[in-house]
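Structure record follows, encoded as structure tokens.
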There are 4 protein chains.
Amino acid sequence: MPKIVDKAAMREAILQAALLVFQAKGYHAARMSDVATEAGLAKGTLYLYFASKEEMTAALAEGYFREIELRFMPEQPAESLDEFIEGLRTALSFGEEEARSIPVFFEVFGPSFTTDAFSQQVSKFFETLGECYGEHLSHLQTKGALSKQHNPSQLGRALAAMLDGLVLHRGLFGVPTERYVAMVDSALLLFRAGLSPAHD
Amino acid sequence: MPKIVDKAAMREAILQAALLVFQAKGYHAARMSDVATEAGLAKGTLYLYFASKEEMTAALAEGYFREIELRFMPEQPAESLDEFIEGLRTALSFGEEEARSIPVFFEVFGPSFTTDAFSQQVSKFFETLGECYGEHLSHLQTKGALSKQHNPSQLGRALAAMLDGLVLHRGLFGVPTERYVAMVDSALLLFRAGLSPAHD
Amino acid sequence: MPKIVDKAAMREAILQAALLVFQAKGYHAARMSDVATEAGLAKGTLYLYFASKEEMTAALAEGYFREIELRFMPEQPAESLDEFIEGLRTALSFGEEEARSIPVFFEVFGPSFTTDAFSQQVSKFFETLGECYGEHLSHLQTKGALSKQHNPSQLGRALAAMLDGLVLHRGLFGVPTERYVAMVDSALLLFRAGLSPAHD
Amino acid sequence: MPKIVDKAAMREAILQAALLVFQAKGYHAARMSDVATEAGLAKGTLYLYFASKEEMTAALAEGYFREIELRFMPEQPAESLDEFIEGLRTALSFGEEEARSIPVFFEVFGPSFTTDAFSQQVSKFFETLGECYGEHLSHLQTKGALSKQHNPSQLGRALAAMLDGLVLHRGLFGVPTERYVAMVDSALLLFRAGLSPAHD
DNA sequence: GATGAATGAGAATTCATTCAT
DNA sequence: TATGAATGAATTCTCATTCAT
């Protein structure tokens, strides 16, 4: 299966090049020839690995979301509020390089994209993430580690949206890392205080 | 005597048509002729009111942001935590029609847009909104209506991002209004609990 | 018939404006609205006086050629070589303002112009001018005032072309008046020497 | 392996097609698609060889002027009046095909053309040609082969303009070759007589 | 007559995709 | 498999002309 390995590696290399180009020029402004040049290939060669610009972009997005899921989806429910909060902090921590990809997906997931399959994929992801957070919060509530006033399910989905807000603002507006970290700290401090059952 | 037209009204009507078309097809896929048809005009007529597609979009965005500012920027600092929270609730309440505009601006503000003047405009807006929230929080803190553990300035900016997250998720993923309201309720409940000085 | 007088005057005024605009921007780049503005009229008004841009240009050209004919066509045959030469000098003497019109007609008479009626009109003009010069030369030859080695008819046409060359170069390349006058002097000196029967 | 094409040859072929189309319809009326069709190519292909219609035209003009220069610029000063005159005759002799290009350049060099770089190029050419003739005339004068009454420098420039007049009239007004040759003969006869020092 | 808003045919140019080599 | 020349559909914007007022 060496050919398959090559093919996969080539696809990966092309996607890497595509991401760079998309970051630099934006999806719509990026030409396939730019991607080819960046990848050190000829234009036509791209089509041996991807049927179209759209399919290429879909593959790029898929990879992106696999990573996102890995970071945001906690494997195991937190056993304490602190643990839950720290899990969020970890999820929200990512490098500057990765932050630069955000605008790309911001653009690609918009309605501009021919198929709205992406939009739905992302929608589903946040739905799932919200449910996941909901379950964890529910678990914490059961253990008395979370104020009873909260509705875990709804709060979980809201949390997912709010965290995404933080992430997006970093990526879209180029918030410096230091500033972003301070924002995350503030938000998590607020969350902890608000979630705490201390004075139910 | 020539036909007498209310230039401003015509611009408004064209922008209305443009928004509809952009909502339906996305900014990039929308052709000027689509906008013209929707507005019941000929292609060329659009150019009597806007120099280019880009300028038209800029005008659209400007109007959008004027409205956004009106809704989000509290005129006066809240005098109590409840008042502050209710202010946020009001800001977060908007109709379904308006929610449909969000993807349009999501697309337009991306790097795809030729001039990044928009991106900067939006960036600036959230910076200002963050500062505004920061001042209000600071005011509340001074009055003892806000837990002392929070840094008003940083939390203000984080709040702006998180609220934007809620709004964007509604608009982008078509969250039904009812569901959205529940999410907002959850979030505001969390905020109130977290901000409360009750047990400093 | 006051209306007719007005109409003619208006046409004249519009043509004047058109000439200015054409001089400044060139025929193709000049828009009807430019002409209207220059004439202090509305676009639509032009069409009350000229059926189209083309007809307007035709009228402009016609006026131009009437003037040209007046200057170049000698009314009476010269009775001496000197008189003939001085007639040419007079024809070749025209103001800077008029020189600025040359490029306009240069452009308009080209094949770009939809109808080639102009081209033919000009062609005919030079044919006639050539014949005219031919007759005068023949007359001089009969009187012994012109070297017998020349063929009046052919030389007449050649003369017309060569004088046009001088005129065109002045207009097209912006030769300063002083320089142009020197060129004309040189050419006429050459003509006189060449035409002289002195040593047949 | 990609198709191998001789880029220079392709450009040449396209220019050839463009010239034909321009001759037939005029520069302004000619569409890029006309040129493409004439060249047996698709519209887009033209843009692989020329960045724009303007650049294509510039290339066409450049080639034209290279040829013109070759024909008109005498390599070596004439050693006798006869030789000088014969040099002019050679320069003025060109085929009918070439005569058909004249209107194209007549149109292109007008003020209609966006950049007036051409206009200046042509202006410069005739300036140089005039100087060149001036020097040769001066040389002849020194040798006593030219009447002392002439100012070589001024006459040189005037000569350039007058010869251009002959050439232009042939091209623009479709003077039949035979007729044109007769005109040239007449003109050269006149020049020789006028330049001759015979009776200073 | 005068106006200028509206029209829409038309043209240059771009770029994803194909395919001969 | 790799190439990059060729393709042509698609889109923005212009401007001569029309016509309701």
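Protein chains get the first letters and strands the later ones, always in sequence-line order, with residue 1 at the start of each. Quick caveat, the model's predicted, so the values are computed rather than measured.
At E/dA5, none of the side-chain N or O atoms of B/T45 fall inside 4.0 Å of OP1 or OP2 (strictly under the cut-off). In this model, the phosphate group of E/dA5 is not approached by any side-chain N or O of B/Y49 to a distance below 4.0 Å at OP1 or OP2.
The aromatic rings of D/H28 and C/H28 sit parallel, their planes meeting at an angle under 30°, below the 60° perpendicular limit. Ring geometry for C/Y64 versus C/F105: interplanar angle under 30°, hence parallel rather than tilted (30 to 60°).
Protein atom NZ of A/K43 is 15 Å distant from nucleotide atom P of E/dC19, rounded to whole Å. The distance from atom CD1 of B/I14 to atom P of E/dT7 is 10 Å, rounded to the nearest whole Å. In this structure, CG of A/L46 is placed 15 Å from P of E/dC15, rounded to the nearest angstrom. Between the CZ atom of D/F50 and the C1' atom of E/dA12 there is a distance of 16 Å, given to the nearest Å. If you take NZ of A/K7 and P of F/dT1, they are 6 Å apart, rounded to a whole angstrom. Rounded to whole angstrom, the span from the CE atom of B/M56 across to the P atom of F/dC13 amounts to 10 Å. As a whole-Å value, the separation of A/M32 CE from F/dG4 C1' is 14 Å. The CZ atom of B/R31 sits 15 Å away from the C1' atom of E/dG8 (whole-angstrom rounding).
At a cut-off of 3.5 angstrom, counting only N and O atoms as typed in the model, there is no donor on one side facing an acceptor on the other between the side-chain of B/K53 and the base of F/dT11.
A cation-pi contact, defined as under 6.0 Å to the ring centre and within 45° of the axis, is absent between D/K53 and D/Y47.
Closest of all the heavy-atom pairs between C/A17 and C/E38 is CB-CG, 3.6 Å.
Interatomic distance, CD of B/Q23 versus CD of B/E97, reported as 5.0 Å (0.5 Å rounding). If you take CG on B/L46 and CE on B/M10, they are separated by 8.5 Å, rounding to the nearest 0.5 Å. Going from atom CD of D/E55 over to atom CZ of D/F50 covers 7.0 Å, rounded to the nearest 0.5 Å.
Stem regions for DNA chain F, each three or more consecutive Watson-Crick or G-U pairs with both distances under 3.5 Å and listed by first number, read E:2-21 with F:2-21.
Map D/A42 and C/Y47 each onto its nearest nucleotide of DNA chain F; the residue landing nearer the 5' end is D/A42. Comparing C/A30 and A/L48 by the nucleotide of DNA chain F that holds the closest heavy atom to each, the one mapping nearer the 5' end is A/L48.
Among the heavy atoms of the strands lying under 4.0 Å from B/S52 are primed sugar atoms or P, OP1, OP2 only; no base atom is included. Residue-level contact check: D/M10 touches the backbone only, with heavy atoms under 4.0 Å from sugar-phosphate atoms and none from bases.
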